[in-house]
**Q** 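I am attaching a structure below and will ask some questions about it afterwards.
Letters A, B, ... mirror the listed sequences (proteins, then strands); counts begin at 1.
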Amino acid sequence: MKVIYNDGTVKECQKEEELHVMRHSAAHIMAEAIKRLFPDAKFAYGPATDKGFYYDVDLGEKKLSDADLMNIESEMKKIVKENQPIKPFTLTREEAVKYMSDEGEIYKVEHIGDLPEDAVISFYRQGEYTDMCVGPHMTYTKGLKAFKIVGQSGAYWKNDKNNKMLTRIKGIAFPSQQELDNYLTMLEEAEKRDHRKIGKEMGLFMMCDEAPGFPFFLPKGMALKNALIDYWREIHTREHYVEVSTPMIMNRRLWETSGHWDHYKDNMYSTVIDEETFCVKPMNCPGGVMVYRSEPHSYRELPMRVGELGLVHRHELKGALHGLFRVRCFTQDDAHIFMRREQITDEITNVVHLIDEVYTKFGFKYSIELSTRPDNSMGSDEDWEAATDGLKSALEKLGMPYTVNEGDGAFYGPKIDFHLEDSLGRTWQCGTIQLDFQMPLNFKLEYVDEKGERQRPIMIHRVCFGSIERFIGILTEHFVGKFPVWLAPTQVKVLLVSEKSAEYGQQVYESLRDAKVRVELDNRNEKVGYLIREAQTVERVPYMVIIGQKEVEDGTVSVRYRDTSKTETMTLEDFLNKIKTEIKDRV
RNA sequence: GCUGAUGUGGCUCAGUCGGUAGAGCGAUUCACUCGUAAUGAAUAGGUCGGGGGUUCGAAUCCCCCCAUUAGCUCCA
């Protein structure tokens with residue numbers, strides 16, 4: 001594909017650049033279409049994205065309907081058909097400001113002000129539309145082969161919520177209709193993996209209007225959650241963690257000491273008890289700190305690894321709620337590690353290994369971010385620097401690739417975040433490791449060192465799953481509800497070919513139940529094919545045990561596998577041994 | 001919180017121009033007693049998210065809430 005640069009040169013662009021250029025030009029073509037339909041529109045940013053493009057536009061009072069979006073799409077098709085040439089030109093800063101001011105493009109004028117002094121200010125024109133842009137672009141509008149407007153949303157100017165909200169019109173674009181269709185099909189497939197849909201089908205959890213953002217775990221979802229927790233306890237015991245449970249509601253005084261009152265007040269629920277304000281915990285750390293402070297400690301006890309499956313509540317904005325991914329109450333698989341300064345690297349290394357072990361177990365790929373000091377934070381520059389260096393050096397020693405997320409740390413310390421992907425490729429923060437010098441200081445935590453002197457410990461806050469709720473959402477999408485046996489809410493379903501074999505079916509069911517297998521008996525009077533269909537495709541049960549006259553006579557079971565649809569006949573004892581081993585080994 | 005969309009039996013959805021609701025699945029009952037992805041028939045189930053308003057009459061039109069949803073912002 002030929003592209004034109006802002007100095008007017010035309011050349012073949014790199015293959016990997018093509019899509020990006022095409023999508024960027026698509027944004028310009030959309031802008032031209034919008035301008036034709038809404039001449040008063042003022043344009044802000046209109047970049048290419050990884051799947052398409054968008055343009056943020058100020059439409060004044062005008063609200064776009066779906067019909068408007070369709071009109072924009074049709075107008076774009078016309079512009080493509082007209083095959084307008086796309087041509088660049090440059091202006092001096094003064095000329096550019098004047099030109100954009102004359103056009104009423106206030107956002108472009110502001111943008112020029114943000115550009116560096118020596119920036120070349122270039123424009124691209126196609127047909128009656130001109131956009132300030134560095135390019136490069138396609139040479140003609142006909143280069144845009146396959147696209148679709150997919151929606152609109154609000155978006156703040158420069159992504160700052162203090163600025164005006166503009167209308168973001170979003171499209172997708174591909175080199176061919178076939179690829180566009182494939183992408184749309186992929187979206188449909190992704191929708192089938194959505195944990196909200198699967199959660200409903202499988203009876204894992206529910207939401208109700210009276211409790212927005214506060215999920216209900218149903219018996220099936222609870223079985224899954226408990227299986228995860230059993231696993232969590234096992235590996236944490238192995239790693240010498242102890243477990244505590246701290247109160248849900250504590251006096252405001254405590255939250256003032258911890259700094260939450262100043263830094264997190266808007267997200268905390270509170271209540272009045274005996275005329276004093278109490279807050280519902282949004283984090284577990286102050287509770288963990290109180291546990292540590294309840295008795296004196298020797299350096300010999302450190303590091304102290306104190307775990308807590310803590311249910312926290314946070315007032316999230318209602319527009320941010322999203323299934324189990326973003327809720328207002330969730331269970332953190334938390335732990336606070338109290339340690340000496342020289343233990344930092346070892347402890348962080350251990351935690352990184354533990355998180356890696358957990359994610360690898362489920363076959364997750366993850367990315368790591370290091371988040372540094374935010375604006376609204378407490379503590380000294382030296383402590384922040386030491387803490388940030390501590391995290392950095394641990395990651396570097398481990399050879400873990402990571403990106404830096406400036407200013408995104410917790411208010412009490414920097415953190416390493418682990419991000420997992422959902423079915424649509426959106427990433428969600430799950431695990432996190434936060435290094436904290438502040439909480440020990442605020443609560444005057446101490447230990448006695450080998451010389452008998454009082455020292456201040458350092459704290460790590462860390463989670464593996466992050467939020468068990470979010471993690472279950474990710475797991476559900478990852479496995480499309482087809483959980484491994486050890487996690488599956490129902491591990492075995494006993495299906496009867498006819499009522500004649502009900503008695504033996506009941507015996508098989510009871511044997512499995514006695515062996516602590518999560519088993520159900522489907523004794524509805526239906527054909528076995530019908531029972532299988534539901535067990536396999538809706539309930540996604542890993543093993544279906546089919547009982548008919550043959551099994552009654554031979555004293556065997558016919559086992560159907562969810563993942564292969566294959567069947568195997570074996571003795572009940574063999575099946576019990578097989579499934580018990582699989583559950584125990586968590587394969 | 002902001003911008004747009006949506007809200008109809010347990011679930012998925014239809015309902016035209018305003019004339020007081022339909023289907024499929026599921027559930028229940030009956031018949032069949034069946035061999036690895038849907039047996040047939042019958043029955044029950046809804047003040048159409050909530051509250052106001054317009055109208056002789058509202059699921060349908062208007063207003064205000066609530067919830068869900070795609071994003072923005074924010075976050076585990």
**Q** Taking the six-membered ring of Y264(A) as reference, does the NZ or CZ atom of R314(A) fall below 6.0 Å from its centre and within a 45° cone about the axis?
**A** no
**Q** Is there a donor-acceptor contact under 3.5 Å linking the side chains of Q152(A) and T167(A)?
**A** no
**Q** Side chain of S498(A) only, heavy atoms from C-beta on: which candidate in U39(B), U33(B), C72(B) is closest?
**A** U33(B)
**Q** Mind checking the P distance from U28(B) to C17(B)? Whole angstroms is fine.
**A** 40 Å
**Q** Tell me whether the guanidinium CZ or amine NZ of R168(A) lies under 6.0 angstrom from the six-membered ring centre of Y54(A) and within 45° of its axis.
**A**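 R168(A) over Y54(A) ring: yes.
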**Q** For C62(B) versus C75(B), give the span between their C1' atoms, rounded off to a whole number of Å.
**A**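 Rounded to whole Å, the distance is 38 Å.
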**Q** If I pick the C1' atom on G19(B) and the same atom on A31(B), what distance separates them, to the nearest angstrom?
**A** 42 Å
**Q** Find the distance Q536(A):CD to A38(B):P and express it as a whole number of Å.
**A**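 Value for this atom pair: 11 Å.
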**Q** Within the distance-only criterion (no hydrogens, no angle test), does the side chain of R560(A) pair as donor or acceptor with the backbone N or O of M544(A) below 3.5 angstrom?
**A**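 No, because the side chain of R560(A) does not come within donor-acceptor range (under 3.5 Å) of the backbone of M544(A).
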**Q** Quote, to the nearest angstrom, the C1' distance that separates C34(B) from U20(B).
**A**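 Their C1' atoms lie roughly 46 Å apart.
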**Q** Does E551(A) contact G35(B) through a side-chain donor or acceptor facing the base, at a distance under 3.5 Å?
**A**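 Side chain to base: pair present.
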**Q** Return yes if the base of C75(B) and the side-chain atoms of R314(A) contain a donor-acceptor N/O pair under 3.5 Å, otherwise no.
**A**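 Check fails, no donor-acceptor contact within cut-off.
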**Q** Side chains of T571(A) and D574(A): closer than 4.5 Å at any heavy-atom pair?
**A**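 Heavy-atom side-chain distance check passes, below 4.5 Å.
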**Q** When the P atoms of U68(B) and G49(B) are compared, how many Å lie between them, rounded to an integer?
**A**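 It comes out at 16 Å once rounded to the nearest Å.
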**Q** Which atom pairs, one a donor and one an acceptor, fall under 3.5 Å between side chains of residues 202-231 of chain A and the rest of the protein, sequence neighbours left out?
**A**
{"from": "K220(A)", "atom 1": "NZ", "to": "E520(A)", "atom 2": "OE2", "distance (Å)": "3.2"}
{"from": "K225(A)", "atom 1": "NZ", "to": "E469(A)", "atom 2": "OE2", "distance (Å)": "3.4"}
{"from": "N226(A)", "atom 1": "ND2", "to": "M222(A)", "atom 2": "O", "distance (Å)": "3.3"}

**Q** In terms of side-chain geometry, is the basic nitrogen of E191(A) or K197(A) positioned less than 4.0 Å from the acidic oxygen of its partner?
**A** no
**Q** Give V150(A) one of three labels, base, sugar-phosphate or nothing, depending on what nucleic acid heavy atoms sit under 4.0 Å from its own.
**A**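 Nothing: the residue V150(A), judged by heavy atoms under 4.0 Å, touches no strand.
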**Q** Let me see the working for H461(A) and D436(A) under side-chain hydrogen bond (donor to acceptor under 3.5 Å, both in side chains), right down to the final yes or no.
**A** CA-CA 7 Å; H461(A) 310 240; D436(A) 180 7; 2.8 Å; yes
**Q** Looking at A76(B), U69(B), U73(B), which one has an atom nearest to any side-chain atom of Q332(A)?
**A** A76(B)
**Q** Between A27(B) and G10(B), how far is it from one P atom to the other, in whole Å?
**A**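 Per the computed distance, 15 Å lies between those P atoms.
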**Q** Looking at the side chain of P212(A), which of A37(B), U73(B), A67(B) is the nearest nucleotide?
**A** A67(B)
**Q** Determine the Euclidean distance between corresponding C1' atoms of A70(B) and G45(B); express it in Å to zero decimal places.
**A**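 Taking atom C1' in both G45(B) and A70(B), they lie 33 Å apart.
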**Q** Run through RNA chain B and report every stem of 3 or more consecutive Watson-Crick or G-U pairs, distances under 3.5 Å, ordered by first number.
**A**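 Expected stems, ordered by start: B:1-7 with B:66-72, B:10-13 with B:22-25, B:27-31 with B:39-43, B:49-53 with B:61-65.
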**Q** With sugar-phosphate meaning primed atoms plus P, OP1 and OP2, does K566(A) contact a base, only sugar-phosphate, or nothing at under 4.0 Å between heavy atoms?
**A** nothing
**Q** How do L321(A) and T537(A) order along RNA chain B: which one's closest nucleotide is nearer the 5' end?
**A** T537(A)
**Q** Let me know, please, whether Q152(A) or R470(A) comes out on the 5' side of the other along RNA chain B by nearest nucleotide.
**A**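 The residue whose closest nucleotide sits nearer the 5' end is Q152(A).
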**Q** Taking the side chain of D408(A) as its heavy atoms from C-beta onward, which of C34(B), C75(B), U36(B) lies nearest to it?
**A**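 From the listed options, C75(B) comes nearest.
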**Q** Is any N or O donor-acceptor pair between the side chain of Y156(A) and the base of G1(B) shorter than 3.5 Å?
**A** yes
**Q** Measuring from the side chain of S153(A) (C-beta onward, heavy atoms only), which nucleotide among G26(B), G71(B), C2(B) has the closest atom?
**A**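 Ranking G26(B), G71(B), C2(B) by closest atom to the S153(A) side chain puts G71(B) first.
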**Q** Please determine whether a side-chain nitrogen of the Lys or Arg among K550(A) and E553(A) lies less than 4.0 Å from a carboxylate oxygen of the Asp or Glu.
**A**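 Answer for the salt bridge query: no.
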**Q** Can a donor-acceptor pair under 3.5 Å be found between the side-chain atoms of S558(A) and the base atoms of U36(B)?
**A** yes
**Q** Please indicate yes or no: is the ring centre of F330(A) less than 5.5 Å from the centre of the six-membered base ring of A76(B), with the two planes inclined by under 30 degrees?
**A** yes
**Q** For atom P, what is the distance between C30(B) and U36(B), given to the nearest Å?
**A** 27 Å
**Q** Has the side chain of N525(A) got a donor or acceptor atom sitting under 3.5 Å from an opposite partner on the base of U33(B)?
**A**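 Looking at the base of U33(B), it does pair with a donor or acceptor on the side chain of N525(A) (distance under 3.5 Å).
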